[in-house]
Colleague: 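The structure's right below; bear with me while I get my questions together.
Order of the sequence lines sets the chain letters (A, B, ...), proteins ahead of strands, with each chain counted from 1. Please read these numbers as outputs of a predicted model, since none were measured by experiment.
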Protein chains: 2
Amino acid sequence: MNEARKRRLQSLGWRFGNAKEFLRLSDEEAAFVELKIELAQALRGRRKRHRLSQVGLARLLGSSQSRVAKMEAGDPSVSMDLLVRALLALGVSRRELARVFAAKAA
Amino acid sequence: MNEARKRRLQSLGWRFGNAKEFLRLSDEEAAFVELKIELAQALRGRRKRHRLSQVGLARLLGSSQSRVAKMEAGDPSVSMDLLVRALLALGVSRRELARVFAAKAA
DNA sequence: ACCTGACATGTCTATTCTGACATGGTGACA
DNA sequence: TGTCACCATGTCAGAATAGACATGTCAGGT
């Protein structure tokens with residue numbers, strides 16, 4: 001969707017004449033991806049704390065081992081919805097979730 | 001997915017014998033929905049602060065007015081991905097985003 | 001009364017995501 | 001060496017979500 005959005009905005013030509021705006025878009029996209037990756041790391045950490053295998057977590061979520069692996073790998077095919085749901089399923093509180101969001105990117 | 005997940009877990013019968021576990025699942029689902037609703041509210045607030053109409057925000061996002069309306073209404077057809085992307089597009093920092101996540105539910 | 005701008009809601013099609021499956025790689029342990 | 005648990009990666013059909021469009025409502029201005 002990122003590429004498509006950029007192209008769409010480009011073709012629209014509406015208020016996005018300069019390079020700065022495009023850079024800002026890239027930044028947002030980057031921030032989004034970083035967020036997902038940190039959620040992924042948090043997920044792996046949480047799972048291990050619970051001494052669960054990927055198979056175990058998959059069962060807990062009603063998903064499959066391969067999808068859990070992709071979640072933890074930050075695969076582009078994994079939505080933030082899924083990551084957040086998984087963390088909640090592992091008992092992560094909203095406050096703890098917020099900490100992941102606030103965490104300074106490396 | 002919530003109903004489907006519950007049914008799936010139910011049919012699996014794996015480690016989910018008692019009512020407590022089902023209640024926990026409902027709680028997670030509820031927390032997730034609350035989160036989305038609060039993101040939706042934050043989005044509306046941010047948009048107004050920027051003095052943007054839904055059409056304006058839609059253009060900024062490369063989306064449509066109707067989708068923005070659904071985002072702000074917390075429509076089930078709107079993903080958390082989209083809400084977070086929209087907030088980032090409005091210049092919301094990770095720290096501010098985290099505040100939404102941490103906010104105590106009403 | 002008539003516009004006009006802003007928002008809500010329903011529905012379409014196309015794209016994206018999901019769970020499932022297959023398969024391969026690694027390390028541990030007998 | 002076998003095999004067993006664990007994880008990674010690719011693929012695919014079906015489910016969920018995306019943007020777009022049509023249309024309706026409401027408030028403010030004329």
Colleague: Mind checking what makes side-chain contact (heavy atoms from CB on, under 4.5 Å) contact with A:Q41, not counting sequence neighbours?
Modeller: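 If we apply the side-chain contact (heavy atoms from CB on, under 4.5 Å) test to A:Q41, skipping adjacent residues, the hits are A:I37, A:E38.
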Colleague: Sort me out a list of protein N/O and nucleotides 24-26 of chain C N/O pairs below 3.5 Å, or just none if empty.
Modeller:
none

Colleague: Could you tell me the separation between the CG atom of B:D81 and the P atom of C:dT15, rounded to a whole number of Å?
Modeller: 19 Å
Colleague: Report the distance from atom CG of A:L61 to atom P of C:dC17, rounded to the nearest whole Å.
Modeller: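 Taking atom P of C:dC17 as the reference, CG of A:L61 is at 18 Å.
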Colleague: Looking at DNA chain D, which of residues 71-79 of chain B put a heavy atom within less than 4.0 Å of it?
Modeller: B:P76, B:S77, B:V78, B:S79
Colleague: Flag the pair A:L57 / A:L43 as yes when at least one side-chain heavy-atom distance between them is below 4.5 Å, and no otherwise.
Modeller: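 Yes, their side chains come closer than 4.5 Å.
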Colleague: Rounded to the nearest angstrom, tell me the gap between atom CG in A:L82 and atom P in D:dA15.
Modeller: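 Answer to the nearest Å: 17 Å.
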Colleague: Please assess A:L97 against B:L35 for the test side chain to side chain contact (heavy atoms under 4.5 Å, CB included), listing each intermediate value before the final yes or no.
Modeller: CA-CA 11 Å; A:L97 212 47; B:L35 227 32; 4.0 Å; yes
Colleague: List the steps, then state whether side chain to side chain contact (heavy atoms under 4.5 Å, CB included) holds for A:L90 with A:L60.
Modeller: CA-CA 9 Å; A:L90 282 175; A:L60 183 62; 4.0 Å; yes
Colleague: Rounded to the nearest 0.5 Å, how far apart are CD of B:E96 and CG of B:L88?
Modeller: 10.5 Å
Colleague: With rounding to the nearest 0.5 Å, note down the distance linking CZ in B:R46 to CG in B:L39.
Modeller: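 Taking CZ in B:R46 and CG in B:L39, the distance rounds to 12.5 Å.
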Colleague: Is there a side-chain contact between A:S63 and the phosphate of C:dG19, meaning an N or O under 4.0 Å from OP1 or OP2?
Modeller: yes
Colleague: D:dA8, OP1 or OP2 - any side-chain N/O from A:R44 closer than 4.0 Å?
Modeller: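 The answer is yes; a side-chain N or O of A:R44 sits under 4.0 Å from OP1 or OP2.
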Colleague: Round to the nearest Å and state the distance from A:R59 atom CZ to D:dC7 atom P.
Modeller: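 After rounding, the reported distance stands at 13 Å.
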Colleague: Could you run down the sub-3.5 Å N/O contacts of the protein with nucleotides 21-24 of chain D?
Modeller:
from   : atom 1 : to    : atom 2 : distance (Å)
D:dC21 : N4     : B:S66 : OG     : 2.5

Colleague: Nearest-Å distance, CZ (A:R85) to P (C:dG19)?
Modeller: 9 Å
Colleague: Report the distance from atom CG of A:L60 to atom C1' of C:dG19, rounded to the nearest whole Å.
Modeller: 16 Å
Colleague: What side-chain donor-acceptor pairs closer than 3.5 Å can you find for residues 64-71 of chain A, not counting sequence neighbours?
Modeller:
from  : atom 1 : to    : atom 2 : distance (Å)
A:S64 : OG     : A:S66 : OG     : 3.4
A:Q65 : NE2    : A:Q54 : OE1    : 2.9

Colleague: Restricting to ring-ring contact (aromatic ring centres under 6.0 Å, His included), what partner residues turn up for B:F101, sequence neighbours left out?
Modeller: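 B:F101: ring-ring contact (aromatic ring centres under 6.0 Å, His included) contacts with A:F101.
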Colleague: Just how far, in rounded Å, is P of D:dA16 from CG of B:L83?
Modeller: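 Computing the B:L83:CG to D:dA16:P distance gives 18 Å.
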Colleague: Quick one: does B:L61's side chain get under 4.5 Å of B:L82's, heavy atoms only?
Modeller: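 With C-beta onward as the side chain, the pair stays apart.
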Colleague: Give a yes/no on whether any side-chain N or O of B:R47 is located under 4.0 angstrom from OP1 or OP2 of C:dC7.
Modeller: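 For C:dC7, OP1 or OP2 has a side-chain N or O of B:R47 closer than 4.0 Å.
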Colleague: Please tell me if the side chains of B:R85 and A:M80 come closer than 4.5 Å, counting only heavy atoms from C-beta onward.
Modeller: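 Result no, sub-4.5 Å side-chain heavy-atom pair not found.
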Colleague: Which heavy atom of A:A40 sits nearest a heavy atom of A:L83, and at what distance?
Modeller: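 It is CA-CD2, 4.1 Å.
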Colleague: Starting at CE of A:M80 and ending at C1' of D:dA18, how long is that distance when rounded to a whole Å?
Modeller: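 My rounded result for the distance is 17 Å.
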